[in-house]
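Working notes, structure below.
Position 1 is the first residue of the sequence, and the numbers go up from there. Every number for a ligand or one of its atoms is a count from 1 in the order of the listing. We use all heavy atoms of the structure for the numbers below, so side chains are in, but hydrogens, waters and symmetry mates are not.
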Amino acid sequence: MRILSGIQPSGRLHVGNYFGMMDPAIRLQDEGDAFYFIADYHSLTTVYSPQELSDNVRNVAVDFLACGLDPSKATFFRQSDVPEVTELAWLLSTVTPMGLLERCHSYKDKTARGHEATHGLFAYPVLMAADILIYDSNIVPVGEDQKQHIEVTRDIALKFNNRYGEVLVIPEAKIREDNAKVPGLDGQKMSKSYDNTLEIFGDEKATRKKIMSIITDSTPVETPKDPSKSIIVDLYRLVASGAEVATMEDDHKNGGVGYGEFKKRLFSAYWEYFKPMRKQRDELLTDPGYVDEITRKGASQARESAIATMRRVRKACGIH
Ligand code: ADP
Ligand code: TRP
């Protein structure tokens, strides 16, 4: 079973990325043949500075490894090290109905937020389909916001197979039910674009400050509070033990504890949760060559698989 997912190097990774995509992907690496990659071609649609892009790629590589991606189990590589994927994107674009792309939220969202309305941004889901289909992927672990893209991928693959025969494997999204949408500090979905993130590897002081700035209502300390309406509890649930969560919920219901105290508990659980990853990251940073070697090796494995698919795909289209 081929498991595949990608993450864009468009900024520092945050807790939403971790619980929505990275942690599920890391857990799945024991259950099949996992391919995980850094989607740098995709990031060119929104990151226009070459220096920023290459710094982001490095950071994502180190962060993902520090979080538990195990290169002895999963193949880890940079998207652009397998250029065949852009060829497949073109071939797929010849069967992709315009209407399918016109319905995609991400183009509308990103242009509304000021990104240039380029063909690349519009055709983004076709490149994503190529990423998935070129490795004959069965399962794609992603956060909920990527669900539409996986549906588009399935539609494109079916169109292609309809025209050329059973050439492409039809993939399935795997979306974690429990924390499909991690809230940000302002209660909206946590996202780089909303500037409401908690970074996985943020600086201690800055992170504490961010947590203390979480927006709450003005319920007085002694008054009972509704734990189901609290962003603090939602985030705490991700990083604290069951017993700690139960205590925080009770303290909400009983009153007598203020939001400041809840935020302190959240910070300390958060800091503890990512402690082993921080340690691992510090170790990885002492040997930068190691990370490059992992992704280079990963790319050569991934490329082999991509080339085999392309041979099949080209033949099916009449391009020998
Ligand atoms: P961002 O919204 O910060 O730009 P990306 O779009 O780069 O994040 O998302 C990378 C991966 O992380 C995707 O699989 C996405 O679904 C997941 N993800 C991002 N934010 C969240 C969130 N708040 N909750 C759950 N998953 C998320
Ligand atoms: N679009 C995805 C995101 O923003 C990243 C991505 C690119 C991806 N290609 C992919 C995810 C293929 C899964 C499979 O998060």
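- Ligand-side atoms of ligand 1 in range of Gln146: 13 (C), 14 (O), 16 (O), range being under 4.0 angstrom from any heavy atom.
- Annotation for Cys67 and Ile200: closest pair SG-CG2, 4.1 Å, computed over non-hydrogen atoms.
- Ring geometry for Tyr164 versus Phe160: interplanar angle of 30 to 60°, hence tilted.
- Remark: side-chain polar atoms of Lys181 are not paired, donor with acceptor, to backbone N or O of Glu144 under 3.5 angstrom.
- Only the side chain of His14 comes within 4.0 Å of ligand 1, counting heavy atoms alone; its backbone N, CA, C and O stay farther away.
- Listed by number with element, the atoms of ligand 1 under 4.0 Å from a non-hydrogen atom of Met21 are 11 (C), 12 (O), 14 (O).
- Counting atoms of ligand 1 from 1 in the listed order, those under 4.0 Å from a heavy atom of Lys181 are 24 (N), 25 (C).
- Taking both residues in full, the closest heavy atoms of Gly187 and Pro183 are given as O-CB, 4.3 Å, listed atom of the first, atom of the second, then distance.
- No more than 12 heavy atoms of other residues, nucleotides or ligands lie within 6.0 Å of NZ in Lys159, so this atom counts as exposed by the packing criterion.
- For Asp292 against Thr295, the heavy-atom pair with the smallest separation is O-OG1, 3.1 Å.
- Within ligand 1, counting atoms from 1 as listed, the ones closer than 4.0 Å to a heavy atom of Lys189 are 2 (O), 19 (C), 20 (N), 23 (N).
- Among all heavy-atom pairs drawn from Met21 and Pro141, the shortest one is CG-O, 3.9 Å.
- The atoms of ligand 1 that sit less than 4.0 Å from any heavy atom of Asp145 are 15 (C), 16 (O).
- Here the options are Phe76, Phe77, Tyr135, Phe64, the test is ring pair (Phe, Tyr, Trp, His ring centres under 6.0 Å), and the partner is Phe37; only Phe77 passes.
- Geometrically, ligand 1 and Gly16 share a nitrogen or oxygen pair separated by less than 3.5 Å.
- On a distance-only criterion, Gln8 and ligand 1 share no N/O pair closer than 3.5 Å.
- Of the polar atoms of Ser10, none of the N or O atoms is found under 3.5 Å from an N or O of ligand 1, judged by distance alone.
- Ring geometry for Phe19 against Tyr273 counts as tilted: the plane angle lies between 30° and 60°, on a 0 to 90° scale.
- When Glu144, Met22, Met190 are ranked by how near their heavy atoms come to atom 20 (N) of ligand 1, first place goes to Met190.
- Inclusion of Gly143 in the set of residues having an N or O under 3.5 Å from an N or O of ligand 1 is warranted.
- Dense packing is recorded around NZ of Lys108, with more than 12 heavy atoms of other residues, nucleotides or ligands lying under 6.0 Å away.
- Near ligand 2, residues Leu4, Ser5, Gly6, Gln8, Phe37, Ala39, His42, Tyr124, Met128, Asp131, Ile132, Val140, Val142, Gln146 each place a heavy atom inside the 4.0 Å sphere around the ligand atoms.
- Between Ala302 and Thr75 the shortest heavy-atom distance is N-CG2, 4.3 Å.
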